[in-house]
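All remarks here apply to the structure that follows.
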Amino acid sequence: MTLACLLPTRAVGAGDLAQPLAALALEARGEEVSFFCHPTLVEHYRPLVPGPLAAAGSPLVFDHIILMTMAESPNNLQFDPPYGLPLSFPTGVRISLLSARGLFEYGYAQPDGIHFGGIELMRKAWPEIDAHVFNRLGPAGGGRGDLNIMTFFPYGWTFRYLGMGPINEFGFRITADLGALAARPGHHKLVCVFGGSAAFSMLCLPEQTFAAQLEARLNAHAASSGSGEIFTVLNFGQQGHCLLNSLVTWTLFCNGLRPEIVISHDGYNDAQFGMCSDPRLLTQHAITYHYSQEMWPRILHGVKDRRGQQEEALRSGKDYQVINNAGSVAKAYVVRKRQFRDLVTGTGGHFIWGLQPVFFSKAALSKTERPFVEAYTETGIGKLREVLQRMPAVYELLSTRVAYQPSDVVVDFHKIFSRLGSDMTLFGDIVHLLPVGDTIVAEAYFEAIRGLPNRTMH
């Protein structure tokens with residue numbers, strides 16, 4: 001099968017291209033992809049795509065032609081390329097839309113235009129879609145809201161994030177049989193990773209995530225040392241998760257597994273959402289939550305005359321408002337982190353206290369990283385300008401002024417990334433790492449595991 005990909009007609013950077021290119025690699029299954037773009041953008045795109053590149057023009061004689069759009073989800077014919085170019089598609093050729101989030105909508109060229117058959121990736125990437133009642137009662141079928149959305153779950157929420165490889169019925173990047181792992185032999189060691197979307201590794205294919213890279217590194221070391229050990233690394237990271245969500249996830253899915261090692265890779269979500277959470281819940285009860293959760297009670301109870309902490313500002317076009325100081329946010333984070341540590345060590349496991357990096361962790365941003373940071377901090381994408389202005393103060397507390405206990409094993413990526421400069425492009429946006437960044441994370445956690453007291457590795 002021959003594949004062609006038409007790139008957007010605007011100069012899209014490496015960060016925006018990372019996810020659709022990763023999904024394209026999955027679709028290609030090892031076949032080479034030929035890339036095409038507007039003639040004026042050939043030099044811009046040449047170093048950014050992993051295949052031959054030429055200026056777009058007719059005829060395009062390929063078995064499968066993929067049109068890349070910078071929309072988050074495919075939406076009929078609203079694709080970016082190739083306006084103003086005389087292109088035609090032979091009848092019967094397979095045509096797909098590929099979105100910025102790595103989602104495909106498949107169709108075929110017909111004499112009267114391109115006919116799309118809906119987004120097929122949902123069941124292909126998520127065969128367990130009907131595995132339990134809360135999935136069956138949730139949205140079903142194609143469309144943006146169905147493919148990437150928080151869905152109700154009796155203990156918080158789960159998140160469907162499709163397009164970057166398989167997830168299980170709870171939205172985790174886990175395909176292993178948890179029951180079998182609970183009965184694993186003594187030489188089989190289990191490492192469990194917790195955190196938000198950075199732990200999920202949103203801009204990475206399954207094998208590129210730091211969890212997968214760590215598993216490969218641990219097993220390679222075990223094989224070379226002749227220890228006879230086998231390592232499995234499970235990724236319980238999920239979009240929007242704070243530490244409190246990780247505690248619930250541990251209770252529901254992980255406590256009975258008795259993992260030898262738990263990595264809590266977090267910080268950004270607790271800092272961001274902590275600044276915006278209800279002050280009483282945060283300061284008196286260490287409860288930090290995703291600010292979208294304030295919408296749920298209004299929907300469930302039909303409340304129309306009251307709004308959440310942030311809604312008035314957002315409805316008037318303002319950014320998310322910071323309503324808690326850095327000290328309160330950091331204190332709540334540390335309370336939950338220590339609670340998590342105590343739960344893990346209480347089952348005999350090792351706990352690794354990870355602090356994930358953010359864009360300001362780097363000594364200097366690369367030329368590719370800088371525009372995406374400016375979009376959030378200056379243009380106001382995501383309405384996070386005030387939050388991001390205050391974020392370094394929270395991170396300073398988490399990284400240097402919060403006293404870790406002497407027995408804690410800490411991997412501080414805020415400090416590690418402070419030694420990295422503009423010669424490396426690690427971030428695809430303000431917080432999510434590209435595969436090369438996840439490699440740095442995997443190596444740091446590998447070294448931390450090697451240094452554990454009474455470690456499971458020889």
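Looking at S292 and W157, their side chains never come closer than 4.5 Å, going by heavy atoms from C-beta outward. Counting only heavy atoms from C-beta outward, the side chains of S201 and Q208 never approach each other to under 4.5 Å. Residues L355 and Y395 are in side-chain contact: their nearest non-hydrogen atoms beyond the backbone lie under 4.5 Å apart. Put simply, the side chain of V233 does not reach to within 4.5 Å of the side chain of I263, judged on heavy atoms. Within the 4.5 Å cutoff, the side chain of V409 has no heavy atoms near those of the H350 side chain. Using a 4.5 Å cut-off on side-chain heavy atoms (C-beta onward), Q356 and V431 make contact. L48 has its side chain out of reach of L7: every pair of non-hydrogen atoms, C-beta onward, lies at least 4.5 Å apart. Between H188 and L181, the closest side-chain pair of non-hydrogen atoms falls below 4.5 Å.
Although no hydrogens or angles enter the test, the distance criterion places no donor-acceptor pair under 3.5 Å between the side chain of D16 and the main chain of G13. Side-chain N or O atoms of Y289 include one that pairs as donor or acceptor with a backbone N or O of D278 at under 3.5 Å. Side chain of N219 to main chain of F231: a donor-acceptor pair is present (N/O by atom type, distance under 3.5 Å, no hydrogens or angles). With hydrogens and angles disregarded, a donor-acceptor distance shorter than 3.5 Å links the side chain of Q310 to the backbone of Q321. Of the possible donor and acceptor atoms, none in the side chain of S399 sits under 3.5 Å from a partner among the backbone N and O of E396. Proximity of a side-chain donor or acceptor of S225 to a complementary backbone N or O of A222 within less than 3.5 Å is detected. Using a distance-only test at 3.5 Å, with no hydrogens or angles considered, no donor-acceptor pair links the side chain of R390 to the main chain of A271. No side-chain donor-acceptor contact under 3.5 Å links E386 to the backbone of D319. Panel note: side chain R258, backbone N255; a donor-acceptor pair is recorded below 3.5 Å. Judged purely by atom type and a 3.5 angstrom limit, N324 uses its side chain to pair as donor or acceptor with the backbone of G274.
In this pair, F172 and F170 present their aromatic rings tilted. The plane angle is within the 30 to 60° band. By the 30° and 60° cut-offs, the orientation of the rings of W250 relative to F340 is perpendicular. Between Y445 and F210, the ring planes are tilted. Angles from 30° to 60° get that label. Between F413 and F417, the two ring planes are perpendicular [angle over 60°; tilted spans 30° to 60°].
When all heavy atoms of A332 and L282 are compared, the closest pair comes out as CB-CD1, 3.7 Å. Across every non-hydrogen atom of H64 and S96, the tightest pair is NE2-OG, 2.6 Å.
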* Give the C-alpha distance, both sets of side-chain angles, the deciding distance and a yes or no for side chain to side chain contact (heavy atoms under 4.5 Å, CB included) between R184 and I230. => CA-CA 10 Å; R184 67 191 180 278; I230 298 172; over 6 Å; no

* Go through F200 and F159 one step at a time and tell me if the ring-ring contact (aromatic ring centres under 6.0 Å, His included) criterion holds. => CA-CA 11 Å; F200 184 95; F159 202 103; 8.4 Å; no

* List the steps and the verdict of side chain to side chain contact (heavy atoms under 4.5 Å, CB included) for L398 and D270. => CA-CA 11 Å; L398 298 180; D270 281 82; over 6 Å; no

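The side chain to side chain donor-acceptor pair (under 3.5 Å) analysis of residues 325-340, with sequence neighbours excluded, yields the pairs S264-K337, D266-Y333, D266-K337, N325-S328, Y333-K337, R336-Q339.
For Y45 and F35, the gap between ring centers reaches or exceeds 6.0 Å. Between Y376 and F359, a ring centre-to-centre spacing not shorter than 6.0 Å is recorded. Aromatic pair F372/F427: ring centres not closer than 6.0 Å.
No side-chain donor-acceptor contact under 3.5 Å links Q238 and Y161.
Taking E369 as the reference, K362, S366 meet the side-chain hydrogen bond (donor to acceptor under 3.5 Å, both in side chains) condition, with sequence neighbours excluded.
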